[in-house]
Amino acid sequence: MLKIKEINDNENFSLVSNGNIESNNCSHSEKVFEPSGDYEVSTLLERDTEALGHQIAGHSRTGVLKHKLGYVLKPLQKEPLGTREVNFYFKVFGTVPRIEDNDNYATTTPDQDGDQRKRNSNLTLQKYLSKFYGVMRIHSMDEETGNPTWKHYIALEDLVEGFLKPCVVDIKVGAQTWDSLASPKKVAHERSKYIGTKQPIGLSLSGMQYYDLRAKKTSKMEKEFGKTLVVSTFIDTIYEFLNGASDPTIPNYIATKLLPRLKEIQEYFKVQREFCFYSSSLLIGYDAYRFEAQKLLKQNCNWELNDNLGDNTTSSWLRVCMIDFAHVTPMEGTNPGPDTNYQFGLNNLIKIFSELSSSTDIQSSSDSE
Ligand SMILES: Nc1ncnc2c1ncn2[C@@H]1O[C@H](COP(=O)(O)OP(=O)(O)O)[C@@H](O)[C@H]1O
Ligand SMILES: [Mg+2]
């Protein structure tokens, strides 16, 4: 069985090195998205919300909320970033479904551009994002002035909705994490962060939490922790996140299940020519309860991970989505190339999970999905 330490020492395991991060192919526009017109803003009551318990990263560390109907409410960032992110969501989703409309985006989203290729590309992209339920506002106190004010939020589906022991990691993708509007000071600041992983493999671990099956408690790592990582400790941390210390077969099992999803996103990036995804993250979540429950059931037996536990679709306990689009820029030019900045990080992440998935001989049977 190849454990994570062996992966680090294995000479054949070489992640693609970026070398020159300025060689990004993404011919981005100097413009931000045009506003997509008026949209409805729903009003929520503050008392129906609470802080999102499993928030692990983000500028607004204390600001992401969970609504009792299930929405994750991400506060709009300072302008122009807030409007850029809202416009991105409207561009991808077109119109906004109600929370109970779960599966029918494809049939309910007219695209304003009227371009078939863009429409198809955005329909594909919807599958990799959390569902978007529009912009909502809450009447609250302004933190600085103490005066009553409206705070605006982007309402999203919670990646780990329904999970009993949620484990979440936020991984920023790409060696370039600034957009064309960034000042030289901002560029210098971005370059100086996550230096051990961002430039070498195009990945930054912004934060994570996981339920440790051995210690039976939840551990949280914040962004300061991610900034200390180098490639080998980044891989160790992913292994730890996947509860490898509790049972080395779990990272293998989860990686095997996660890879097809990551490879779908990889396929999307081979063809998409709409956006340059700067400073955007992949949020990966799994429910550690699944493994705890299996272990309890087979406590005195020689247990082996399998798919035969209750709801056996992978998405009932393992999910991934793209988040954080305040720095996404429209791609421009007559013949734009792919977003090589994002591809660089994503390809390396896939390589890490591929190694984890082939690191033991335990293979899981296919899902019923
Ligand atoms: N759809 C979601 N489901 C669950 N958690 C989310 C979701 N979107 C954001 N979060 C949580 O909020 C954090 C910050 O979100 P993000 O969009 O990255 O904000 P920021 O722009 O402040 O970085 C994420 O790291 C994650 O913990
Ligand atoms: Mg973020």
Side-chain angles (χ1 to χ4, degrees), residues 16-36 55-61 63-64 74-92 125 129 152-154 170-207 222-229 234 269 272-283 322-333 336-349:
V16 192
S17 173
N18 196 5
N20 175 12
I21 63 170
E22 309 302 338
S23 65
N24 179 24
N25 224 356
C26 199
S27 51
H28 56 223
S29 150
E30 295 301 310
K31 292 183 297 197
V32 297
F33 296 117
E34 293 299 320
S36 47
Q55 183 184 349
I56 43 164
H59 302 81
S60 34
R61 259 312 265 111
V64 181
K74 174 182 173 173
L76 260 60
Q77 285 186 30
K78 305 198 287 284
E79 292 306 336
L81 298 177
T83 301
R84 286 169 80 180
E85 188 160 25
V86 169
N87 287 337
F88 171 82
Y89 273 108
F90 275 107
K91 202 167 175 63
V92 175
L125 180 57
L129 270 48
H152 288 75
Y153 297 83
I154 294 170
D170 178 325
I171 302 173
K172 204 163 268 209
V173 183
Q176 180 178 332
T177 51
W178 59 91
D179 59 50
S180 54
L181 302 180
S183 64
K185 196 172 156 205
K186 167 81 175 161
V187 173
H189 179 64
E190 285 298 314
R191 279 210 178 103
S192 70
K193 293 192 297 184
Y194 301 93
I195 43 175
T197 58
K198 188 165 28 175
Q199 177 150 11
I201 54 170
L203 299 170
S204 313
L205 197 139
S206 301
E222 312 230 332
K223 64 181 173 196
E224 291 313 314
F225 170 79
K227 288 178 187 169
T228 65
L229 298 175
F234 178 93
F269 272 90
Q272 79 88 12
R273 299 291 186 272
E274 301 293 312
F275 308 112
C276 302
F277 286 88
Y278 296 120
S279 202
S280 177
S281 289
L282 281 168
L283 198 62
M322 295 168 63
I323 59 161
D324 205 351
F325 306 110
H327 295 278
V328 173
T329 317
M331 219 181 251
E332 271 214 337
D339 181 350
T340 51
N341 179 54
Y342 195 97
Q343 284 182 314
F344 170 60
L346 178 60
N347 293 347
N348 281 328
L349 192 65

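A side-chain contact (heavy atoms from CB on, under 4.5 Å) with L181 is found for exactly one of H327, K186, R84, namely R84. Test E190, K172, R191 against K198 for side-chain contact (heavy atoms from CB on, under 4.5 Å) and you get one pass: E190.
Atom CD of E79 sits about 6.5 Å away from atom CG of L76, to the nearest 0.5 Å. Going from atom CG of L229 over to atom CG of L203 covers 11.0 Å, rounded to the nearest 0.5 Å. Separation of atoms CG (D179) and OH (Y278) is listed at 8.0 Å; rounding is to 0.5 Å. Here the CZ atom belonging to F269 is positioned 7.5 Å from the CG atom belonging to L125, to the nearest 0.5 angstrom.
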Residue pair F277, Q272: steps toward the side-chain contact (heavy atoms from CB on, under 4.5 Å) verdict:
CA-CA 11 Å; F277 286 88; Q272 79 88 12; 3.8 Å; yes
What do the steps show when you test L129 against F88 for side-chain contact (heavy atoms from CB on, under 4.5 Å), and what is the final call?
CA-CA 11 Å; L129 270 48; F88 171 82; 4.0 Å; yes
Walk me through whether V92 and E274 qualify under side-chain contact (heavy atoms from CB on, under 4.5 Å).
CA-CA 10 Å; V92 175; E274 301 293 312; over 6 Å; no
Worked verdict on I56 versus E222 for side-chain contact (heavy atoms from CB on, under 4.5 Å):
CA-CA 7 Å; I56 43 164; E222 312 230 332; over 6 Å; no
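In this structure E85 satisfies the side-chain hydrogen bond (donor to acceptor under 3.5 Å, both in side chains) test together with K74, sequence neighbours excluded. S280 meets the side-chain hydrogen bond (donor to acceptor under 3.5 Å, both in side chains) test with no other residue; sequence neighbours excluded. Taking the salt bridge (charged side-chain N to carboxylate O under 4.0 Å, His left out) definition, one finds that E224 meets it with K227, sequence neighbours left out.
Residues C276 and V328 form no side-chain contact, since every pair of their non-hydrogen atoms from C-beta on lies 4.5 Å or further apart. In this structure the side chain of L282 reaches within 4.5 angstrom of the side chain of L349, judged on heavy atoms. For the pair M322/L346, no side-chain contact is recorded, criterion being any heavy-atom separation below 4.5 Å from C-beta on.
When every heavy atom of G196 is checked against every heavy atom of P200, the shortest pair comes out as O-CG, 3.2 Å. Between G207 and A57, the closest heavy-atom pair is N-CB, 4.2 Å.
Between Y342 and F275, the distance from one ring center to the other does not fall under 6.0 angstrom.
At least one donor-acceptor pair under 3.5 Å links the side chain of N341 to the backbone N or O of A175. Side-chain atoms of Q343 never come within 3.5 Å of backbone atoms of N347 as a donor-acceptor pair (strictly under, hydrogens ignored). Panel note: side chain Q199, backbone I201; no donor-acceptor pair is recorded below 3.5 Å.
Inspection of the S281 and D170 side chains reveals an N or O donor paired with an N or O acceptor under 3.5 Å.
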